[in-house]
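I have placed the structure first, in the form of structure tokens, so that the comments after it can refer back to it.
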Number of protein chains: 2
Amino acid sequence: MSEPKRRDKAATRAALLEAARRRFAEHGFDGTGVRDIAADAGVDATLIFRYFGSKQALFEAAVRVEVPEGLGRQVGDEQAASPEALAEALVREVVFADRPEHGGEHPLLVMLRSAGRPEVRARLREEVCEGYLADFAERLGGDDAELRAELVGALLIGMGLMRSVIGSPELSRASFEQTRGLVRAMVAALEGEKSQG
Amino acid sequence: MSEPKRRDKAATRAALLEAARRRFAEHGFDGTGVRDIAADAGVDATLIFRYFGSKQALFEAAVRVEVPEGLGRQVGDEQAASPEALAEALVREVVFADRPEHGGEHPLLVMLRSAGRPEVRARLREEVCEGYLADFAERLGGDDAELRAELVGALLIGMGLMRSVIGSPELSRASFEQTRGLVRAMVAALEGEKSQG
DNA sequence: TCGATAAGTCAACAAGTGATGACTTATGCT
DNA sequence: AGCATAAGTCATCACTTGTTGACTTATCGA
């Protein structure tokens with residue numbers, strides 16, 4: 001029936017990581033025990049400490065994500081993408097992401113379910129503000145550009161929250177295309193409100 | 001030094017409730033122990049079960065909030081308040097609320113720190129969707145009114161999240177008045193996007 | 001002043017937590 | 001084949017968790 005399961009450190013580590021992602025995504029940090037994760041992965045719980053050091057370290061590895069170039073911090077020089085287009089890309093990336101290996105959700109949304117923990121909040125702040133909203137402000141222009149950029153961030157992460165944490169009916173059912181025009185309109189409205197243009 | 005502390009059921013219950021609100025607001029459900037709450041209140045932990053039944057029931061009592069009339073479900077008939085004005089009132093009420101007895105924050109935001117628990121998510125959905133966004137959709141009009149109402153909800157709760165959970169720099173520092181115009185503009189933009197007007 | 005009743009305290013349990021170190025077993029090289 | 005080493009397991013610790021029931025003590029009317 002089941003093959004005797006060859007010993008493979010890398011595969012075991014990967015299985016642990018995947019099981020952790022799913023558990024943490026669904027139940028949050030505190031709602032997940034190391035034994036649950038290990039059981040899902042089909043290995044012994046102590047391997048978590050062998051391979052990752054601690055439950056906390058496993059969590060950090062599980063929600064680690066690379067910000068795609070061109071979405072957050074700009075690498076080269078201006079690509080001349082409009083704020084609306086950038087916001088649209090962020091919505092697709094973060095809110096409507098399909099990540100089977102993270103339990104279907106973007107790590108940022110996964111972290112929201114563990115927002116009771118200070119370290120998680122700190123990472124959220126870092127990734128949202130510095131990772132994603134960093135050059136958004138420059139792109140917007142005006143002297144309260146940072147504030148307006150954070151409002152866009154609030155809209156995006158609020159959408160993610162409504163979809164995956166709160167589970168509001170319409171946003172949960174909606175497709176990226178359905179929200180696309182509405183988001184663009186809201187972001188565009190922000191451009192017409194520069195306090196010093 | 002300290003008076004012998006007269007026995008008073010009501011006062012003890014109230015002290016427990018206040019301590020619970022503060023603890024839950026800061027550390028979330030899982031990050032708070034019944035002994036912590038009791039210590040803050042200066043009473044024995046077992047009184048929590050005497051007066052509330054369980055930790056979970058205490059939490060529910062602690063985050064219970066009455067939706068002010070005129071903000072959520074409409075009681076009488078149309079007051080003809082514009083969606084922008086309604087959104088503005090909601091921002092003031094939820095995002096910029098000053099509630100010393102809840103640790104300074106609106107219960108909805110307090111609940112966000114305990115979003116790992118399914119019951120908390122269910123209450124959030126209920127209060128946000130049915131409590132606050134209920135008649136917002138009618139007010140907006142158009143055939144995707146519910147979706148647009150939820151986008152406003154996403155913006156509002158996203159703002160609260162950025163301020164009190166994530167702690168983004170600009171929104172945390174900003175005053176209600178500073179965000180007012182921007183929020184109005186974003187909500188107004190949504191009205192120009194009715195898919196069937 | 002006595003005593004009933006309500007208010008508050010104490011000790012403890014049963015289950016679960018993350019984490020550790022010693023042990024066993026499979027693997028792959030010589 | 002045999003052995004060193006890496007991979008995986010087991011028993012268990014030290015601690016915390018929510019919760020319970022029996023106990024003590026203050027309060028207030030008769």
Side-chain angles (χ1 to χ4, degrees), chain A residues 1-63 113-114 116-120, chain B residues 1-63 113-114 116-120:
Chain A
M1 200 96 196
S2 64
E3 53 262 42
K5 202 190 207 179
R6 285 186 62 77
R7 292 184 166 184
D8 183 342
K9 180 171 177 174
T12 300
R13 222 192 97 107
L16 235 17
L17 204 53
E18 192 192 317
R21 282 198 245 257
R22 274 207 275 261
R23 280 273 174 183
F24 286 140
E26 195 169 349
H27 304 102
F29 186 89
D30 290 312
T32 301
V34 291
R35 290 167 178 82
D36 301 328
I37 298 171
D40 285 4
V43 303
D44 194 277
T46 63
L47 292 178
I48 288 176
F49 305 97
R50 265 225 197 314
Y51 295 157
F52 296 92
S54 68
K55 181 190 175 187
Q56 173 69 32
L58 172 59
F59 179 83
E60 280 163 18
V63 297
R113 281 207 185 70
S114 304
R117 306 186 71 81
E119 335 84 52
V120 176
Chain B
M1 201 98 195
S2 64
E3 54 261 42
K5 202 190 210 179
R6 285 185 62 77
R7 293 184 166 183
D8 184 342
K9 179 171 178 174
T12 299
R13 222 190 98 107
L16 236 17
L17 204 53
E18 191 191 318
R21 282 200 245 257
R22 275 207 275 261
R23 280 272 176 184
F24 286 140
E26 196 170 347
H27 304 102
F29 186 89
D30 290 312
T32 300
V34 292
R35 290 167 177 84
D36 302 327
I37 298 172
D40 284 5
V43 303
D44 192 279
T46 62
L47 292 178
I48 288 176
F49 305 95
R50 264 227 199 311
Y51 294 155
F52 297 92
S54 68
K55 181 190 174 187
Q56 174 68 32
L58 171 60
F59 179 84
E60 280 162 20
V63 297
R113 281 208 185 70
S114 303
R117 306 186 70 82
E119 333 87 50
V120 176

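Note on naming: letters A, B, ... go to the chains in the order of the sequence lines (proteins, then strands), and numbering restarts at 1 for each one.
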- Counting side-chain heavy atoms from C-beta on, which of dA7(D), dT27(D), dG18(C) comes nearest to K55(A)? dG18(C)
- Item | Sugar-phosphate, base or nothing in reach of T46(B), heavy atoms under 4.0 Å | base
- Query: Nearest heavy-atom pair of S114(B) and F29(B): which atoms, and what distance?
  - Reply: OG-N, 2.8 Å
- Whole-Å distance separating the CG atom of L47(B) from the C1' atom of dA11(C): 15 Å
- Task: Would you mind classifying the nucleic acid contact of F52(A) as base, sugar-phosphate or nothing, using non-hydrogen atoms under 4.0 angstrom?
- Result: nothing
- Task: Check the distance between dC10(D)'s P and D44(A)'s CG and give it to me in whole angstrom.
- Result: 7 Å
- Message: Rounding to an integer number of Å, can you tell me how far H27(B) NE2 sits from dT16(D) P?
- Response: 16 Å
- Message: Using whole Å, what does the distance between atom C1' of nucleotide dT20(D) and atom CD1 of I48(B) come to?
- Response: 14 Å
- Query: To the side chain of R6(B), which of dT20(C), dG8(D), dT27(D) is closest?
  - Reply: dT27(D)
- Message: Apply salt bridge (Lys or Arg N to Asp or Glu O under 4.0 Å) to residues D40(B) and R23(B) and explain how you reach the verdict.
- Response: CA-CA 9 Å; D40(B) 284 5; R23(B) 280 272 176 184; 2.8 Å; yes
- Task: When you get a sec, tell me which of dA19(C), dT20(D), dT9(D) is the closest nucleotide to the side chain of F49(B)?
- Result: dT20(D)
- Length of the CG-P vector between D36(B) and dT19(D), whole Å: 14 Å
- Message: Tell me whether K55(B) contacts the main-chain N or O of T32(B) through its side chain, where contact means a donor paired with an acceptor under 3.5 Å.
- Response: yes
- Would one find a side-chain N or O of Y51(A) under 4.0 angstrom from OP1 or OP2 of dA7(D)? no
- Task: Take the protein atom CG of L58(B) and the nucleotide atom P of dG18(D), then report the distance between them rounded to whole Å.
- Result: 11 Å
- Nearest heavy-atom approach of S54(A) to I48(A) is O-CG2, 4.4 Å
- Please determine, for the side chain of R50(B), which listed nucleotide (dA7(D), dG18(D), dG8(C)) has the closest atom? dG8(C)
- Message: I need the CZ-P distance between R35(A) and dA15(C), as an integer number of Å.
- Response: 15 Å
- Task: Just compare dT19(D), dA7(D), dA19(C) and give me whichever is closest to any side-chain atom of S54(B).
- Result: dT19(D)
- Separation of atom CD1 in I37(B) from atom C1' in dG18(D), rounded to whole Å: 11 Å
- Keeping the roles fixed (side chain from D36(B), backbone from G33(B)), state whether a donor-acceptor pair exists under 3.5 Å. yes
